[in-house]
There are 2 protein chains.
Amino acid sequence: MDEATYLAGYDPRAYPAVAVTVDVVALTIRDGRLCVLLVERGAQPFAGRRALPGGFARDEPLHDAALRELAEETGLTPGDREGGQEGHREGDLDRVHLEQLKTYGNPGRDPRMRVVSVAYLAFAPSLPEPTAGSDAARAYWVPVDDAKDLAFDHDEVLADGLERARSKLEYTPLATAFVGPEFTIGELRQVYTAVWGEELHAGNFHRKVLSVPGFVESTGGTTSKGGERGGPRAKLYRAGDARLLHPALLRPTREDGVR
Amino acid sequence: MDEATYLAGYDPRAYPAVAVTVDVVALTIRDGRLCVLLVERGAQPFAGRRALPGGFARDEPLHDAALRELAEETGLTPGDREGGQEGHREGDLDRVHLEQLKTYGNPGRDPRMRVVSVAYLAFAPSLPEPTAGSDAARAYWVPVDDAKDLAFDHDEVLADGLERARSKLEYTPLATAFVGPEFTIGELRQVYTAVWGEELHAGNFHRKVLSVPGFVESTGGTTSKGGERGGPRAKLYRAGDARLLHPALLRPTREDGVR
DNA sequence: CGAATAGTGTCTCTAAGACAATATCTG
DNA sequence: CAGATATTGTCTTAGAGACACTATTCG
């Protein structure tokens with residue numbers, strides 16, 4: 001960046017107008033399937049098409065903008081907020097993991113003007129359909145396999161988000177963000193199964209999870225009932241304090257290296 | 001994003017002005033030390049301070065903007081360009097690995113106005129000091145340990161870039177981007193040593209590299225001379241076709257999980 | 001020749017994965 | 001009770017790391 005360029009920075013009008021938006025790839029698991037939050041677009045362009053929730057960034061950290069968009073579309077509210085509005089679930093937003101995914105800025109990705117979009121990736125435990133009694137009635141959860149032909153370049157954004165999620169399950173305790181505060185090893189395994197789309201050996205998975213330091217810690221309790229289709233009561237665990245899984249839990253059937 | 005928001009998008013002036021810049025964390029290895037490309041700032045703010053090279057994004061893909069900034073500051077040119085300018089090294093830019101790092105958009109990170117910066121990470125083989133005879137005389141390579149007190153939030157950007165680089169050495173063949181087209185296992189090991197800041201056992205490293213499918217492939221040749229301080233001629237290798245290292249080459253002394 | 005480096009061999013220990021076995025529930 | 005699930009045990013094999021050793025080449 002040369003001096004002239006920097007000086008020119010004092011007058012933003014000297015440069016072509018750019019808009020910065022924040023889009024969110026929000027993932028959850030419903031009925032054992034990995035789902036993404038989509039909104040139906042009412043206006044042009046791409047009217048009637050589905051898109052990732054998002055909006056313009058205000059004068060706030062980008063992370064906060066993503067959180068705000070997510071709250072608006074799901075009807076969740078942060079827990080420290082005074083008196084959550086009716087129909088909103090107080091505090092649920094606090095249990096959502098949010099991280100920056102990638103930024104998309106190809107010219108022409110929005111036909112109206114130059115738009116640079118910062119995409120965020122969110123992981124949430126199973127949430128209710130955000131329709132009833134909220135201003136987020138246009139948003140709904142869609143199984144990721146059915147989320148095709150999205151507006152803008154959101155197909156690519158979603159694909160990048162999915163790959164990130166699959167990868168992060170390997171070396172971080174992220175899976176615990178998809179389940180409640182207390183969970184069984186079986187529930188955790190279902191998260192991996194849903195996100196990776198592959199069956200995992202129950203016995204080996206069980207031992208592996210318990211062997212990774214800090215991944216989960218026992219609550220001492222068990223479920224009050226066995227599984228719906230039989231089986232003993234399972235022990236309950238909560239997330240441990242590890243930020244990285246070591247050793248990692250690698251995906252099984254991965255092609256080696258060459259791609 | 002609701003309808004009104006989208007419609008408002010037709011008039012960018014309706015929103016506070018935002019500028020989008022691209023900053024580059026360019027890394028290389030010189031004399032066995034990991035170095036980053038910095039520029040000396042001439043204008044306010046942060047006049048006289050060092051900063052990462054960068055500039056405003058034009059109407060181009062963000063990736064191209066990063067490449068352009070890198071070319072301007074290093075004096076390198078892409079190989080397919082007709083008649084490289086004098087003092088520029090034709091084609092060297094093609095051997096640079098460039099990937100998006102992260103986007104920084106906290107209000108106040110630039111005191112003049114709202115600036116959202118998309119940071120890129122570049123890995124280059126050892127390059128000459130980009131001073132002589134080019135318009136990039138203000139840029140120079142600095143050992144990363146000496147790169148402190150940078151302008152804006154560039155300390156944080158650099159730290160994020162270094163962590164990304166260290167991490168990617170583990171599971172990708174990225175180290176080959178730091179060496180020439182043909183290299184010895186010893187040179188590759190020096191890359192790991194410089195980036196990770198840790199000594200690696202030569203024998204185990206050697207065997208490990210050769211055992212990972214697609215990491216390197218033999219050229220059949222050897223170096224023409226032994227090492228400066230003695231030792232036999234080493235076999236030469238070039239980068240293989242793997243995109244991921246499997247199994248990965250994990251960093252040694254890493255704390256387990258908890259962080 | 002002495003020192004440094006390249007490359008290989010060996011051994012130990014951890015961890016992944018296949019598979020089996022047992023116990024405990026639900027319908 | 002039949003089937004499903006939780007949890008643990010056993011065995012095999014791959015891979016990481018410690019260490020030793022030989023061969024080659026430079027000064």
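We name chains A, B, ... by the order of the sequence lines, and we start the count at 1 in each one.
Remark on DNA chain D: of its neighbouring residues A/Arg229 and A/Gly203, the 5'-side contact belongs to A/Arg229, judged by nearest-heavy-atom nucleotide. Along DNA chain D, the nucleotide nearest B/Ser211 and the nucleotide nearest B/Gly230 are compared for position; the residue whose nucleotide lies closer to the 5' end is B/Ser211.
The minimum heavy-atom distance between B/Phe178 and B/Ala124, with the atom names listed, is CD2-O, 3.5 Å. The shortest heavy-atom contact between B/Gln100 and B/Arg164 is O-NH1, 3.1 Å.
In this structure, OH of A/Tyr171 is placed 20 Å from C1' of C/dA16, rounded to the nearest angstrom. When rounded to the nearest whole Å, the span between NE2 of A/His246 and P of C/dA16 equals 10 Å. Going from atom CG of B/Asn204 over to atom P of C/dT12 covers 16 Å, rounded to whole Å.
For the ring-ring contact (aromatic ring centres under 6.0 Å, His included) condition, the pairs that include at least one residue of residues 197-222 of chain A, sequence neighbours left out, are A/Tyr192-A/Phe205. Residue pairs meeting the side chain to side chain donor-acceptor pair (under 3.5 Å) criterion with at least one partner in residues 217-234 of chain B, sequence neighbours excluded, are B/Glu217-B/Arg238.
Aromatic ring orientation, B/His63 versus B/Tyr120: perpendicular (interplanar angle above 60°, classes split at 30° and 60°).
Contact annotation for B/Arg233: backbone-only contact, meaning every heavy-atom pair under 4.0 Å involves sugar-phosphate atoms and none involves a base. Within the 4.0 angstrom heavy-atom criterion, only backbone atoms of the sugar-phosphate kind lie near B/Gly226; the bases stay farther away.
A/Tyr104 and A/Asp160 form a side-chain donor-acceptor contact under 3.5 Å, judged by distance and modelled atom types alone.
Close approach of DNA chain D to chain A, defined as any atom under 4.0 Å from a non-hydrogen atom of the protein, starts and stops at D/dG3 to D/dT10.
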